[in-house]
Number of protein chains: 2
Amino acid sequence: MTNLDKYTKPSVAVDLAIMTVIDGDLHVLLVNRPEDDVAGWAMPGGFVHIDEAPEDSVERVLSEKVGAKPVHFEQLATYGALGRDPRGRVVSIVYLALCPPEVLRDADLAKVVIDWEGEIGGPAVAQMNGARLPLAFDHAAILGDVVKRLRGKLDYSPIAFALLPDRFTLREVQEVHEAILGKPLNKPPFRRKLLDRGMIVPTGEFETGSAYRPAKLFEVKSKE
Amino acid sequence: MTNLDKYTKPSVAVDLAIMTVIDGDLHVLLVNRPEDDVAGWAMPGGFVHIDEAPEDSVERVLSEKVGAKPVHFEQLATYGALGRDPRGRVVSIVYLALCPPEVLRDADLAKVVIDWEGEIGGPAVAQMNGARLPLAFDHAAILGDVVKRLRGKLDYSPIAFALLPDRFTLREVQEVHEAILGKPLNKPPFRRKLLDRGMIVPTGEFETGSAYRPAKLFEVKSKE
DNA sequence: ATAGGTTATAACTTAATTGGATATTAGATA
DNA sequence: TATCTAATATCCAATTAAGTTATAACCTAT
């Protein structure tokens with residue numbers, strides 16, 4: 001680093017942790033980076049232009065690289081350690097985005113496994129078809145923070161519903177919770193909490209295609 | 001804005017919400033800005049240099065403008081709306097810092113009143129000696145988020161102790177909680193929760209100078 | 001000294017919440 | 001129509017939490 005670098009400034013980027021739950025496992029959308037650049041798999045992202053608010057950059061990256069719009073997105077945290085991008089000084093604002101799995105059908109989805117040995121808060125490990133994916137930059141640590149945030153907000157915010165289709169069964173909600181928490185939950189207490197919370201209402205319709213007793217379909221109660 | 005601006009980039013800054021509790025009220029350290037610049041009172045801050053991690057910038061601003069080191073600091077969120085600084089494009093990473101009041105004796109401290117009318121999440125209002133202070137930039141909205149974060153983390157994290165001296169009474173802890181929550185709490189349940197949590201231990205010493213029965217002094221249990 | 005006043009601390013009673021097991025209901029299939 | 005399975009409802013024990021009341025400790029004033 002030369003002395004002149006002191007008088008230039010960091011670049012600002014947004015990175016997106018686009019999460020979904022498939023078959024009881026938490027997944028994240030990753031893009032494979034070319035070998036001659038920074039190798040490994042990374043969350044999609046882009047620079048914040050001078051005439052853009054960070055949220056606008058998020059929308060742009062979403063339409064460029066993903067196509068679909070997530071049901072919910074929120075800011076997670078900003079990462080700005082000195083060596084995190086070997087190509088130069090980048091401060092990344094990371095956003096957490098949640099979609100139902102149908103929306104991300106044709107994207108590269110990696111299963112996220114959290115490598116928390118006893119203590120809370122370690123980095124996450126990404127797998128695809130059972131093989132461990134190398135993650136670029138500090139994205140393993142960031143994904144660990146993503147899962148921590150998801151777990152923390154799970155039972156006092158409606159994030160689980162953002163991972164489900166418009167109409168869903170109570171079993172599906174429980175599957176999403178279990179995927180995020182990484183542990184099984186008891187059915188009766190879970191159902192009670194969910195219904196007592198008053199955030200969802202039955203639609204009057206029922207699941208179809210099931211071999212056995214079809215479950216009630218619920219939807220999120222509208223605000224008014 | 002000219003077309004060329006598209007090819008320049010935003011500046012990155014850190015802003016510090018340095019909070020304390022005095023006489024049962026939440027206070028924030030603010031600096032008065034000169035009239036010919038951006039008028040009003042603002043949180044102290046500074047730009048992130050090219051050779052600094054944001055946490056380093058926080059340390060630098062603290063030593064430049066405050067002198068004392070806070071007991072606890074953590075990242076709150078990043079604010080990057082287009083018009084937030086009239087002088088140019090600035091993306092601010094806001095940090096929340098907590099100190100006991102003694103540390104900030106000679107600084108300008110404003111009492112923070114939260115202007116949440118029923119609904120959670122509005123902007124905060126700052127007062128000094130009863131008079132409302134004009135806040136610069138988007139700092140009123142940021143202070144609202146600060147209080148929201150404090151309230152949210154209060155009972156599952158040790159932030160309250162960062163606002164107290166090394167040795168404290170249970171009453172003092174309750175006063176801090178009540179100041180942050182803006183409502184009174186019942187004493188017996190509060191004491192039980194605190195002691196059952198196992199985070200504090202009695203020192204064996206007692207409060208002095210009290211007119212009536214002196215309270216036990218506690219301290220935060222060391223990690224090992 | 002001693003009585004009175006005030007606050008810290010402890011004990012107790014009551015209510016609410018939660019976990020987990022069990023029973024019942026409903027629909028699909030053979 | 002009998003049987004299978006999962007959805008839903010019911011129930012009880014056990015734990016947890018709230019709030020009231022009682023006791024203890026210390027300072028102050030007389």
Side-chain angles (χ1 to χ4, degrees), chain A residues 21 23-24 151-157 160-161 164-221, chain B residues 21 23-24 151-157 160-161 164-221:
Chain A
V21 170
D23 294 335
R151 290 185 179 179
K153 290 192 72 169
L154 196 55
D155 57 325
Y156 69 90
S157 89
F161 307 121
L164 291 166
D166 287 343
R167 286 143 195 272
F168 47 81
T169 66
L170 297 180
R171 172 180 38 76
E172 289 173 318
V173 182
Q174 184 166 351
E175 275 169 11
V176 165
H177 276 245
E178 289 175 341
I180 291 174
L181 296 175
K183 65 176 183 191
L185 299 169
N186 286 324
K187 208 153 106 172
F190 182 82
R191 295 167 55 89
R192 249 176 315 186
K193 260 200 214 164
L194 212 55
L195 295 171
D196 290 356
R197 186 93 74 251
M199 289 177 52
I200 59 175
V201 288
T203 62
E205 295 173 62
F206 290 85
E207 197 179 17
T208 57
S210 122
Y212 310 110
R213 176 173 175 177
K216 273 187 192 161
L217 285 172
F218 288 81
E219 62 185 2
V220 177
K221 193 192 280 184
Chain B
V21 170
D23 294 335
R151 290 185 178 179
K153 289 192 72 168
L154 196 55
D155 57 325
Y156 68 91
S157 88
F161 307 121
L164 290 166
D166 288 342
R167 287 144 195 272
F168 47 82
T169 66
L170 297 182
R171 172 180 38 77
E172 288 173 319
V173 182
Q174 184 167 353
E175 275 170 10
V176 166
H177 277 245
E178 289 175 340
I180 292 174
L181 295 175
K183 65 177 182 190
L185 299 169
N186 286 325
K187 208 152 108 175
F190 182 83
R191 296 167 56 87
R192 254 172 313 187
K193 260 200 213 163
L194 214 54
L195 295 171
D196 292 354
R197 186 94 73 252
M199 288 177 51
I200 60 174
V201 289
T203 62
E205 295 173 64
F206 289 84
E207 197 179 18
T208 58
S210 122
Y212 309 110
R213 175 174 175 179
K216 273 188 192 163
L217 285 172
F218 288 81
E219 64 186 1
V220 177
K221 192 194 280 182

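Per chain, numbering begins at 1; letters A, B, ... match sequence-line order. Computed from a prediction, not measured in an experiment: that's the story for all the values here.
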Atom CG of residue position B:Asp155 - does it have more than 12 heavy atoms of other residues, nucleotides or ligands inside 6.0 Å?
yes
Heavy-atom count around B:Asp23 CG within 6.0 Å, excluding the residue itself: above 12?
no
Toward the 5' end of DNA chain D, which comes first, B:Pro188 or B:Phe206, by nearest nucleotide?
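Taking each residue's closest nucleotide, the earlier one in sequence belongs to B:Pro188.
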Can you tell me the distance, in whole Å, between the [atom1] atom of [X] and the [atom2] atom of [N]?
X	N	atom1	atom2	value
A:Glu207	D:dT5	CD	C1'	13 Å
B:Gln174	C:dT7	CD	P	14 Å
B:Lys193	C:dT17	NZ	P	14 Å
B:Phe190	C:dA10	CZ	C1'	18 Å
B:Glu175	C:dT7	CD	P	12 Å
B:Leu185	D:dG19	CG	P	10 Å
B:Leu194	D:dA17	CG	C1'	15 Å
A:Glu172	D:dA6	CD	P	15 Å

Select base, sugar-phosphate, or nothing to describe what [X] touches, counting heavy atoms under 4.0 Å on all strands.
X	answer
B:Arg192	base
A:Arg191	sugar-phosphate
A:Lys216	sugar-phosphate
B:Pro214	sugar-phosphate

Residues two or more places apart in sequence or in another chain: which of them pass side-chain contact (heavy atoms from CB on, under 4.5 Å) with A:Glu175?
A:Arg171
Please tell me if A:Arg213 has a side-chain N or O lying less than 4.0 Å from either OP1 or OP2 of C:dA28.
no
Which nucleotide, D:dA6, C:dT9, D:dA18, lies nearest any side-chain atom of B:Lys187?
C:dT9
Closest to the B:Arg171 side chain, choosing from C:dT7, D:dT5, C:dA8
C:dA8
For DNA chain C, whose closest nucleotide is more 5', that of B:Tyr212 or that of B:Leu217?
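Mapping each residue to its closest nucleotide by heavy atoms, the 5'-most match is B:Tyr212.
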According to the ring pair (Phe, Tyr, Trp, His ring centres under 6.0 Å) rule, which pairs have a member within residues 181-215 of chain B, sequence neighbours left out?
B:His177-B:Phe190
Polar side-chain atom of B:Thr203 near backbone of B:Glu219 as donor-acceptor pair, under 3.5 Å
no
